[in-house]
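Presented below is the structure to which this report refers.
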Number of protein chains: 2
Amino acid sequence: MKPVASTSEQILDVAQSLIVAGGYNGFSYADIADAIGIRKASIHHHFPTKAELVSALVDRYRQRTELGLKSLREQSASPAAQLQSYVDFWKACIGNASLPFCVCAMLAGEIPMLPDEVASRVRGHFHHLAEWLTSVLQAGAKQHLLRLDQRPEQEAQMLMAAVHGAMLSARAFDDPGLFAAIVEPQIARLRAPVR
Amino acid sequence: MKPVASTSEQILDVAQSLIVAGGYNGFSYADIADAIGIRKASIHHHFPTKAELVSALVDRYRQRTELGLKSLREQSASPAAQLQSYVDFWKACIGNASLPFCVCAMLAGEIPMLPDEVASRVRGHFHHLAEWLTSVLQAGAKQHLLRLDQRPEQEAQMLMAAVHGAMLSARAFDDPGLFAAIVEPQIARLRAPVR
DNA sequence: GTTTATCTATCTACTAGTAGGTAGACACGC
DNA sequence: GCGTGTCTACCTACTAGTAGATAGATAAAC
C-alpha cells in the first residue's frame, strides 16, 4: 500500500502533469483545486504565489533527477550502459504516457516570459544535465568504451538536444516510438567501437 | 521603403513574436492591441476567435516555409548545400533574435491543450518538413553526395529533432552560438565522404 | 487536569484585474 | 447605399491572490 501523499505533494503532482501538458500558462489554481478536491485558497496556503509553486516543483524535479542520475552512475557498469539507462527512462515515460515530456524542457521554451525565479531554476537543470552527460561521456572516452567525434561537452549538448527534440517529435507525430527511433542511433554512434 | 503592412498582417506579425516568446497561452488580444495601437475589438473583426487567429498564423507560416524550402531546392546546387542553407536560415534567425524559435516547434509542445484546428495544422507542418528533409537526403544519397547511416526518413527525423532541440538549448543556455554547435556536426556527419 | 494560546490546514467569500468575445455606432471609400 | 474597418462600451468567465473564520492538534501555564 502506497502511503497517501501529503496535500502539498499532491498539488505538485497535479501541477507537474498540467505543466507537461500545457506549460506555465496552461494551468490555473482552479485546475489543481478541482483535480484534488480542495479549494483554491488551500493551494495558496501551501504555495503563496504561482511562481513559488512552480519554483518548488522545479526544485523537487531537479532533486529527483539528481538522485536518479547519481544512482545511475553508481549502479550501471559502463558509461555506455549509463547513457542507455538514461534514455530508457524517457523511453518508458513516453511509452506509457506517465511523464511524456520533461518539465524543464517544457518550461525552457517559455523562458522569455517565465518569472525570473523559475527561469533561473530551469537553466540550472539544463546546466546540471549537461554536466552529468559530459562527465559520463568523458569517462567513456577515457576507458575507450565510447568514441567521441567532438569534445565531450559538445557531444553532451548534441545528445541533450536529440533527447529534447525527440520528445517534441514524438508529441508532434503522436508516435511514442519515434523517441527511441531518433535517440537510439545517436547512442549507437557513440558506442560504436573505434574503427 | 517597405510598404506599410495591412492590419491583419501586423496582427499576425505581433502574434507570431508573442507565441515564439511564450506559446499559445502566453499572449492575449490585449497584448496585440497594445503593440500595434488598435483596440481589442478590431482584432476580433479580422480574427473572430483566438483559435482562428493562430490557425491563420500557422497557415501563413507554413505557406512561407513551403515557399522558402521550394526555392531552396531550386536554387541550391547540391542536397548538402540545401541542408546547409536550411540550417543557416535558423542560425541567422537565432543569432539576430529576429525569430529565435520555430512557431510550430513552440506550439507542438503544447499540442495536448491546443484547439484541434491549431494542433492539426502544427502536425501538418511537422509532416511537411519531415518530407522535405527526407527527399533532400534521399537525393543526396542517390548522388552519393551524402552518406546516410539510417533510412532517409529516419535520418530526416534525427536532423529535425536536432534542430528543434538545439533551438531549445540555445534558449535555455542563453547562447545563440549553441544552435550551430549542436547542428553543424550532424550536417558534417551526413556530408562526410564515404569511408 | 483544565485552561489558554499557538499552529496548521482548511474553508467561504471576496478583490482587482484580465481573458476572449459581442453589440452597435460611426466614418470612409467605392 | 453598401461594405469595410475601426471605435466605444459592454459582457461573462476566469485569473491570481487576499481576508477572515473555523476546526482540530499541540503545547505551555496555572
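By convention in this document, chain letters (A, B, ...) are assigned in the order of the sequence lines, proteins followed by strands, and residues within each chain are numbered from 1.
Every ring pair (Phe, Tyr, Trp, His ring centres under 6.0 Å) that Y29(B) has, sequence neighbours left out, goes to H44(B). Residues passing the salt bridge (charged side-chain N to carboxylate O under 4.0 Å, His left out) test with D175(B): none are found, sequence neighbours excluded. Judged as a side chain to side chain contact (heavy atoms under 4.5 Å, CB included), and not counting sequence neighbours, the contacts of S71(A) are Q75(A). Residues passing the salt bridge (charged side-chain N to carboxylate O under 4.0 Å, His left out) test with R123(A), sequence neighbours excluded: none. F47(A) pairs by the ring pair (Phe, Tyr, Trp, His ring centres under 6.0 Å) definition with nothing, not counting sequence neighbours. Residues forming a ring pair (Phe, Tyr, Trp, His ring centres under 6.0 Å) with H127(A) (at least two apart in sequence, or on another chain): F173(B). Residues passing the ring pair (Phe, Tyr, Trp, His ring centres under 6.0 Å) test with H46(A): none are found, sequence neighbours excluded. In this structure D13(A) satisfies the salt bridge (charged side-chain N to carboxylate O under 4.0 Å, His left out) test together with R60(A), sequence neighbours excluded.
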Between the protein and nucleotides 7-10 of chain D, list the N/O to N/O atom pairs that are separated by less than 3.5 angstrom.
from   : atom 1 : to     : atom 2 : distance (Å)
dC7(D) : OP2    : R39(B) : N      : 3.0
dC7(D) : OP2    : S42(B) : OG     : 2.6

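Note that the first and last nucleotides of DNA chain C, 5' to 3', having any atom under 4.0 angstrom from a heavy atom of chain B are dA19(C) to dA23(C).
For E9(B) and R64(B), the salt-bridge test passes: some basic side-chain N is under 4.0 Å from an acidic carboxylate O.
Looking at residues 16-32 of chain B, you'll see that no heavy atom sits under 4.0 Å from any atom of DNA chain D.
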Could you go through residues 32-40 of chain B and list every donor-acceptor pair under 3.5 Å that involves a side-chain atom there, pairing it with any protein atom two or more places apart or in another chain?
none

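Of the side-chain N and O atoms in H46(B), one or more sit less than 4.0 angstrom from OP1 or OP2 of dT6(D).
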